[in-house]
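Each remark here refers to the structure printed beneath this line.
On a predicted model such as this, the values are computed, not experimentally measured, just so you know.
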Amino acid sequence: MKSGKKTIAAFAAALILFSLAACGGGMSSGGDSVGSAGAQGSESVKDNVLLGDEEKLVYSTDKEFLMYPYGGVPGKLRIYDKNGGIVEDNIPISDEQLEEYYKQIKDAGMNMTAGGYINMTYADYIRGLKVCEKIGLKMMVYDQSLVALLMNDKLSDAVVVDQVLSNYSEMLDSPAFAGISVWDEPSVAKLGEFKTALERWNIIAEGKIFYINLFPSIAFSSSTYGTFEDYIKTFVEKVDVDYVCYDHYPLQTSGKNNYLRDDFLYNLATVKANSDGRRTFTVLQSVQYGGMHRALSGAADVTFQVYSALCYGFEGFGWFTFWPPVPNDGATTFGDAAYDRQTNQPTDTYYFIKDGLNEIRKLEDVYFNFAWKGTKTVIGAENANGGENYDFALAAFTETATPRIESVSAEQDTVIGVFEDKDGNDGFLVVNYTEPSANLENKVVMKLKDCTKAAVWENGVQKVYKVENGWLTLHQKSGDGFFVVPIK
């Protein structure tokens, strides 16, 4: 799951001029004008009048975002000292404490959990599945022996299926069982080795997750391994599942200054554009590790990451990591995550995740009634990089025409997800695309065609505003994403 910082300079150089034209004040392919706040005469636009609840739109769905921790409750506890040394190990977890831990995962907005990093046995999974069934949480199981058996091409399909059904019947029969975690960050060559295992798994547990998480683009900075785009396409070709999932972590620090990775959107865009209509998932950042990946500083760090991915039509989100890994795995160091190593109790990070994800869940009813069409990016008037955004340039290939938007301007760099519902109604997810810990507020002014009102989901709560002459003004805090539905 770990990622270092490398850039994709050659590709960005080819796109940067396009970014300046399409995102920084010129005319997009749809004829709508984009630029900085105050352009198009919008400096004189007043705030919109809030209308009554009777004007609200009604959307409903039985779909949910998939939310899960990468690194859940371990089989036994371990206590570390402040220097990362093990003070006590293999501490049993009482039934009461185990249920409390799983309830905390569910309360944090998760609807699926995964196994812990340390001391997990099959018996621990069975114990966890019983608790998950009781509280209404799903569990994804990682069992190395099971994966090895499924991938053993020296055994016949009949033998493997019989052994799995016999040895793992209690797991397979559990209503809380979501599926299995198979591989993390497989190489391109490895992608061709899952076919037999997947076919066997579909005989054993059709419809249950056969989970593979892919590398991000930084693993393909050398042409030796091909391109990231080819990697995603190869996964789609070789692995017949209904999703594509990869990990990437955007919140970085120099030690003095926090900043965003300059390829976060590029990864989202590339996966979405090459997923062949599959559901798209991503594993996001919730732990400090190494010298550059910072700890979460607030719920805005959580919502920023998810809203950005939602702009590209994503619907599944893992969190690396929930329970803290070992302090040093020989390759890098890790801080505490959602739980403290010394106490095994929730940290501030846990509550940041809880607050952020419970806000995101409020968006499900409207989000799942719309289909993703593309994106639009806007360079903000207060952009501190000379009117450029490197990541906007990298991800420019998902930019789409938006005839409903006559013009749009913003104080800060802004990403807009473009959507349409089954009746042809437009939807726009407007995201304040700035480093969340900087606490930069964003004013976005949109000129909308054929619009007298607008339903706006702010922090997941719907409000309806009167729109005069097409002008809609949005006021966003750090980490905000507003879903806008124009109304004639």
Given side-chain contact (heavy atoms from CB on, under 4.5 Å), test V239 with L198 step by step and report yes or no. CA-CA 8 Å; V239 185; L198 178 55; 4.2 Å; yes

Check side chain to side chain donor-acceptor pair (under 3.5 Å) between Y465 and all other residues, then give those that pass, not counting sequence neighbours. E458

Can you sort out the partners of N425 under side chain to side chain donor-acceptor pair (under 3.5 Å), two or more places apart, ordered by chain and number? D421

Partners of W323 by ring pair (Phe, Tyr, Trp, His ring centres under 6.0 Å), sequence neighbours excluded? Y101, Y339

Gap between atom CD of E185 and atom CD1 of I212 - 0.5 Å precision: 12.5 Å

Apply side-chain contact (heavy atoms from CB on, under 4.5 Å) to H248 and D263, showing your working. CA-CA 9 Å; H248 203 40; D263 61 357; 2.8 Å; yes

L129 side, atom CG; M171 side, atom CE - distance, nearest 0.5 Å: 8.0 Å

Can you tell me if CG on D107 sees more than 12 non-hydrogen neighbours from other groups inside 6.0 Å? yes

Do the non-hydrogen side-chain atoms of L260 and L251 ever get within less than 4.5 Å of each other? yes

Donor-acceptor contacts, no H, no angles, side chain residues 308-316, under 3.5 Å, sequence neighbours left out:
unit_1: S308; atom_1: OG; unit_2: F304; atom_2: O; d: 2.8

Residue pairs meeting ring pair (Phe, Tyr, Trp, His ring centres under 6.0 Å), one or both in residues 45-67, sequence neighbours left out, come to Y59-F370, F65-Y367, F65-F368

Without swapping roles, check the side chain of K447 against the backbone of L472 for a donor-acceptor pair under 3.5 Å. no

For F322 versus A337, what's the shortest heavy-atom pair and its separation? O-CB, 3.1 Å

Worked verdict on Y68 versus V283 for side-chain contact (heavy atoms from CB on, under 4.5 Å): CA-CA 9 Å; Y68 56 100; V283 181; 3.9 Å; yes

Should we say atom NZ of K56 is surrounded by more than 12 heavy atoms from elsewhere, each under 6.0 Å from it? yes

For K190, side chain to side chain contact (heavy atoms under 4.5 Å, CB included) partners two or more places apart: M151, W183, P186, S187, E193, F194

Applying side chain to side chain donor-acceptor pair (under 3.5 Å), which residue pairs with at least one partner in residues 273-288 are found, sequence neighbours left out? D242-R279

Compare every heavy atom of R404 with every heavy atom of D426, then report the nearest pair and how far apart it is. OD2-NH1, 3.1 Å

Start with the C-alpha gap between F320 and D247, add the side-chain angles, then the distance that decides, and say whether side-chain contact (heavy atoms from CB on, under 4.5 Å) holds. CA-CA 9 Å; F320 179 73; D247 57 73; over 6 Å; no

Report yes if some heavy atom in the side chain of L268 is under 4.5 Å from a heavy atom in the side chain of Y246; otherwise report no. yes

Using side chain to side chain donor-acceptor pair (under 3.5 Å) as the criterion, list what pairs up with T375, not counting sequence neighbours. T398

Reported OG1-to-CG distance for the pair T234 and L191, which is rounded to 0.5 angstrom: 6.5 Å

If you define the side chain from C-beta out and look only at heavy atoms, does anything of V73 sit under 4.5 Å from I105? yes

V408 and M446: which non-hydrogen atoms are nearest, and at how many Å? CG2-CG, 3.9 Å

Polar contact flag, side-chain donor to acceptor under 3.5 angstrom, N442-T414: yes

One should read off an interatomic distance between D365 CG and E64 CD, to the nearest 0.5 angstrom, of 10.5 Å

Over all atoms of both residues, closest heavy-atom pair of Q476 and V430: NE2-O, 2.8 Å

Minimal heavy-atom distance between G479 and T303, with the atoms involved, is O-OG1, 2.8 Å

Return the set of residues passing side chain to side chain contact (heavy atoms under 4.5 Å, CB included) with K466 (not counting sequence neighbours), or none when no residue passes. V49, L51, E468

T473 meets the side chain to side chain contact (heavy atoms under 4.5 Å, CB included) criterion, sequence neighbours left out, with V45, D47, N48, K443, V445, H475

Close side-chain approach of F419 to N369, heavy-atom, < 4.5 Å: no

Using 30° and 60° as the class boundaries, would you call the ring planes of W201 and F210 parallel, tilted or perpendicular? tilted

Are K477 and D480 within salt-bridge range, i.e. N to O under 4.0 Å? no

Nearest heavy-atom approach of G460 to Y307 is N-OH, 4.2 Å

Value rounded to 0.5 Å, distance of CG in N257 from CD in Q252: 13.0 Å

Would you give the length of the straight line joining atom CD1 of I360 to atom CG of N459, rounded to the nearest 0.5 angstrom? 9.5 Å

Test item: D413 side-chain N/O and G380 main-chain N/O as donor-acceptor pair under 3.5 Å: yes

Does F220 reach the side chain of V188, with side-chain heavy atoms less than 4.5 Å apart? yes

Determine whether a donor-acceptor pair (N or O, by modelled atom type, separation under 3.5 Å) exists between the side chain of T253 and the backbone of M292. no

Evaluate the side-chain proximity of M139 to Y102: yes if any heavy-atom separation is below 4.5 Å, no if none is. yes

Is the distance from the ring center of Y211 to that of F281 below 6.0 Å? no

Under the side chain to side chain donor-acceptor pair (under 3.5 Å) rule, collect the residues that match up with E441, sequence neighbours excluded. none

Measure the shortest side-chain to side-chain distance between W319 and Q305 over non-hydrogen atoms and say whether it is less than 4.5 angstrom. yes

In the structure I gave you, are the side-chain heavy atoms of V444 and F482 within less than 4.5 Å of one another anywhere? no

Any residue meeting side chain to side chain contact (heavy atoms under 4.5 Å, CB included) with S437, in chain and number order, not counting sequence neighbours: N258, R294, S297, E435

